[in-house]
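Only heavy atoms go into these numbers, but all of them, side chains included; no hydrogens, no water, no symmetry mates.
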Amino acid sequence: MIEKLDSIDTKILSILSKNARVPFKDLSLECGVSRAAIHQRVQRLTEEGVILGSCFNVTPKAIGYSTCTYVGLNLERGNMYKAVVDELEKIPEVVECHFTTGPYTMMVKLFAKDNEQLMDLLNNKIQGIKGVVTTETLICLEQSINRQLPI
């Protein structure tokens, strides 16, 4: 259960959301508390699920994935969502999956190396999942904004 965030927690989150590699000693100076306090707070925020971890983001194009695609899926029945997600998790090119309202039951973000691989992913993997009735593909031409929520 997430406890109420105080001003120090908020300041830590604000700094880390801009640069997750900031050393704890720098956080400590910026927040006016000890390194031990920073460590304890970051650990608590992680355990409470406020911080979901830290990682390096690899640019997909740098490793050969030139096509970013959003795929809207409609399912036979909404209650098939979990089973479909289980199958989508087996496809490494699928990087996000959301249960949605609106024209699609779910929305998937995936990367493909080229249009040929995209067609294979759609025709032979995603559309072959039991419960998937229709798909609609939207190819991303450019990502203009990618940021964390302001804290």
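- Residue Asp9 holds its CG atom at 12.5 Å from OG of Ser14, rounded to the nearest 0.5 Å.
- Interatomic distance, NZ of Lys125 versus CD of Glu93, reported as 5.5 Å (0.5 Å rounding).
- Under the rule for a side-chain contact (heavy atoms from CB on, under 4.5 Å), the partners of Ser28 that lie at least two apart in sequence or sit in another chain are Arg35, Ile38.
- Val132 and Met107 sit in two unconnected hydrophobic clusters of ILVMFWY residues. Membership requires side-chain heavy atoms under 4.5 Å apart, directly or through other members.
- Electrostatic pairing of Lys90 and Glu87 counts as a salt bridge here, judged by a charged N lying under 4.0 Å from a carboxylate O.
- Of the charged side-chain nitrogens involved, at least one lies within less than 4.0 Å of a carboxylate oxygen, so that Asp6 and Arg41 count as a salt-bridged pair.
- Without hydrogens or angle criteria, Lys11 side chain to Glu30 main chain gives a donor-acceptor distance under 3.5 Å.
- Not a single side-chain hydrogen bond (donor to acceptor under 3.5 Å, both in side chains) links Asn57 to another residue, sequence neighbours left out.
- For Thr135 against Ile126, the heavy-atom pair with the smallest separation is CG2-CG2, 4.1 Å.
- Once rounded to the nearest 0.5 Å, the distance linking CG of Leu5 with CG of Leu45 reads 6.5 Å.
- By the side-chain contact (heavy atoms from CB on, under 4.5 Å) test, Arg21 is found to be paired with Asn19, Phe56, residues two or more places apart in sequence or in another chain being considered.
- Pro60 places none of its side-chain heavy atoms less than 4.5 Å from the side chain of Val95.
- In this structure the side chain of Tyr81 never reaches within 4.5 angstrom of the side chain of Val84, judged on heavy atoms.
- For Leu141, there are no side-chain contact (heavy atoms from CB on, under 4.5 Å) partners two or more places apart in sequence or in a different chain.
- Annotation: side chain of Leu110 is in contact with side chain of Leu118 (closest heavy-atom distance under 4.5 Å).
- The shortest side-chain heavy-atom distance between Asn115 and Met119 does not fall under the 4.5 Å cut-off.
- Here the OG atom belonging to Ser7 is positioned 9.5 Å from the CD1 atom belonging to Ile12, to the nearest 0.5 angstrom.
- In this view, Glu96 and His98, Lys109 satisfy the side-chain contact (heavy atoms from CB on, under 4.5 Å) rule, not counting sequence neighbours.
- A heavy-atom distance below 4.5 Å is found between the side chains of Leu88 and Met106.
- Annotation: side chain of Thr105 is not in contact with side chain of Leu73 (no heavy-atom distance under 4.5 Å).
- Pairs passing the side-chain hydrogen bond (donor to acceptor under 3.5 Å, both in side chains) check and including a residue from residues 62-72, sequence neighbours excluded, do not occur.
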